[in-house]
2 protein chains.
Amino acid sequence: MEEKEISQAVIGRLPRYLRYLGELKDEGIERVSSQELSDIMQTTASQIRQDLNTFGGFGQQGYGYNVGYLYDEIRKILGLDREHRLIIVGAGHLGQALVNYTNFERRGFLFRGIFDCDPGICGKMIHGIEVRPMEEMDGFVRENDIDIAVLTIPKTSAVEVAKKLADCGIKGIWNFAHVDLPVPKQIQVENVHLSDSLMKLSYNLSSSQAEGAAGGKVDGNGQNR
Amino acid sequence: MEEKEISQAVIGRLPRYLRYLGELKDEGIERVSSQELSDIMQTTASQIRQDLNTFGGFGQQGYGYNVGYLYDEIRKILGLDREHRLIIVGAGHLGQALVNYTNFERRGFLFRGIFDCDPGICGKMIHGIEVRPMEEMDGFVRENDIDIAVLTIPKTSAVEVAKKLADCGIKGIWNFAHVDLPVPKQIQVENVHLSDSLMKLSYNLSSSQAEGAAGGKVDGNGQNR
DNA sequence: AAATTCTTGTCAATCAATTGACACAGGCCG
DNA sequence: CGGCCTGTGTCAATTGATTGACAAGAATTT
């Protein structure tokens with residue numbers, strides 16, 4: 001019954017496939033070949049076929065892939081066919097911004113609670129959800145069957161809160177605090193280290209300028225992953 | 001004069017090294033070996049030495065690395081020894097959250113302007129900066145020597161704005177919009193696709209549960225990159 | 001219905017990243 | 001000051017990811 005450990009590199013590309021398939025679907029396009037898709041997405045057809053085949057044969061020879069079907073399959077693979085219940089810990093600017101961003105809800109990520117240690121903000125309503133004091137977090141997570149905690153608190157308190165969350169059986173943590181969280185391995189942590197991201201950009205700025213000055217080549221179309 | 005193209009995998013680890021070195025520095029620790037650092041950071045000593053040697057020999061045999069010196073060198077490599085001038089495009093919740101996050105300033109990333117297409121919000125002050133109408137963006141970027149534009153606008157307008165930014169000579173874009181930006185290659189784009197990140201977490205939740213049910217092994221310490 | 005074209009799934013080859021091993025430089029102790 | 005020990009820098013081996021090639025299945029055309 002041992003699944004053969006799928007690489008995070010592949011997983012990381014699935015949301016992007018989903019996005020482009022969604023766009024094709026919206027345009028009313030019903031079928032697409034790996035070649036066409038790779039042209040649009042600026043990648044190789046081989047990689048698309050290889051990636052998809054990690055999970056099963058979704059295509060048909062001589063035809064390609066059915067856009068709607070493939071879209072649904074990737075949704076299922078990513079676990080977007082079920083609802084997730086989230087809490088936000090840290091009702092600062094970032095926490096509030098995330099609660100207010102409705103696209104997450106549309107994908108089945110439902111914010112059920114917001115917690116903050118500042119009594120001044122507790123009781124306030126954000127996007128229809130009341131901010132509660134930290135002391136109530138434990139009980140709330142247990143009683144409301146919360147899957148994911150979003151950590152938008154300073155690094156100083158993040159480790160402590162993560163431990164508390166681990167104890168009350170959280171399954172995943174979406175971590176915006178600038179620390180690595182030492183939690184048991186059965187808890188999944190996805191880090192969003194914004195300053196790391198900005199530093200990478202800073203490096204690439206410097207290095208591209210140095211290279212440009214030395215006569216590096218430049219072409220016409222941006223790409224990313 | 002051709003530098004040998006440093007991999008993004010290495011670049012992506014530098015901010016994390018910087019973070020741990022900063023902590024050591026704050027604790028007053030002056031020297032560290034790759035072995036000690038790898039123990040703390042949960043990686044291999046070999047990788048640390050390999051990564052650092054990409055940029056030069058910062059250590060000394062029989063001694064290790066001088067924490068302060070290495071910290072400064074990595075700062076320089078990442079381009080954090082100079083100031084960057086930023087604008088935010090999109091004064092929504094996320095844009096405001098980023099402006100209010102003072103740690104970026106501390107690192108030399110200075111927000112100089114905020115732009116929004118909604119006349120209702122223009123003129124409002126956020127963290128001491130006035131929100132300006134989109135029409136003024138071009139001129140502002142040119143006159144104030146702006147390096148980086150932060151895109152916190154909906155995907156629908158992101159491509160158009162990115163093109164405009166490219167035309168007025170922006171060097172880098174920190175893109176929070178959920179699209180791939182087709183800009184010339186000399187412009188560096190760093191994407192922060194939050195929903196992609198959340199989907200990855202969702203996948204890992206499902207897969208770890210499946211694996212756990214099948215008797216997967218679990219150990220005691222979380223890790224990430 | 002046969003021929004042709006298209007396009008997948010998969011295997012092999014290449015390319016990139018990580019880990020392991022070790023010679024040797026330099027610190028440290030007696 | 002000499003010998004021992006530590007720990008880097010680097011090269012080689014391994015592991016992992018991406019790309020290329022092609023046989024075979026299915027659609028489409030004639």
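This structure is a prediction, so every number in the text was calculated from the model and none was measured. Just so it is clear, the values below take in all heavy atoms, side chains as well, and ignore hydrogens, waters and symmetry mates. Reminder, nothing fancy here: chain letters follow the sequence lines and each chain counts from 1.
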Can you pull every protein N or O that's under 3.5 Å from an N or O on nucleotides 6-9 of chain C?
unit_1	atom_1	unit_2	atom_2	d
C/dT7	O4'	A/Gly62	N	3.1
C/dT8	OP1	A/Ser34	N	2.7
C/dT8	OP2	A/Ser34	OG	2.6
C/dT8	O2	A/Gln61	NE2	2.6
C/dG9	OP1	A/Phe58	N	3.3
C/dG9	OP1	A/Gly59	N	3.0
C/dG9	OP1	A/Gly59	O	3.3
C/dG9	OP2	A/Asn53	OD1	3.1
C/dG9	OP2	A/Tyr65	OH	2.9
C/dG9	N7	A/Arg49	NE	3.0
C/dG9	O6	A/Arg49	NE	3.4
C/dG9	O6	A/Arg49	NH2	2.8

field: Residues B/Arg85, B/Asp145: salt bridge by 4.0 Å N-O rule
entry: yes
message: What is the separation between atom CD on A/Gln8 and atom P on D/dA17, rounded to the nearest whole Å?
response: 10 Å
- line: Between CG of B/Asn66 and P of D/dG7 the distance, given in whole Å, is 15 Å
message: Distance check needed: C/dA13 P versus A/Gln47 CD, whole Å only.
response: 20 Å
- request: May I ask you to evaluate whether B/Ser46 reaches the phosphate of C/dG20, defined as a side-chain N or O under 4.0 Å from OP1 or OP2?
  value: no
query: Whole Å only: how far is the CZ atom of B/Phe55 from the P atom of D/dT8?
result: 18 Å
message: Just N and O in the side chain of A/Thr44: are any of them under 4.0 Å from OP1 or OP2 of D/dT19?
response: yes
task: State whether the distance check finds a donor on one side and an acceptor on the other, under 3.5 Å, for side chain A/Gln50 versus base D/dT19.
output: yes
- prompt: Would you say the side chains of B/Gln35 and B/Asp39 form a donor-acceptor pair under 3.5 Å?
  reply: yes
task: Identify whether NZ of Lys or CZ of Arg in A/Arg31 sits under 6.0 Å from the centre of the six-membered ring of A/Tyr65 and within 45° of that ring's axis.
output: no
field: Separation of C/dG20 P from B/Ile48 CD1 (nearest whole Å)
entry: 13 Å
message: Apply salt bridge (charged side-chain N to carboxylate O under 4.0 Å, His left out) to residues A/Arg16 and B/Asp196 and explain how you reach the verdict.
response: CA-CA 7 Å; A/Arg16 190 155 175 264; B/Asp196 290 14; over 6 Å; no
- prompt: Under 30°, 30 to 60°, or over 60°: which ring-plane class applies to A/His178 and A/His193, parallel, tilted or perpendicular?
  reply: perpendicular
- request: Classify the side-chain pair A/Tyr20/B/Asp180 by whether it contains a donor and acceptor separated by less than 3.5 Å.
  value: yes
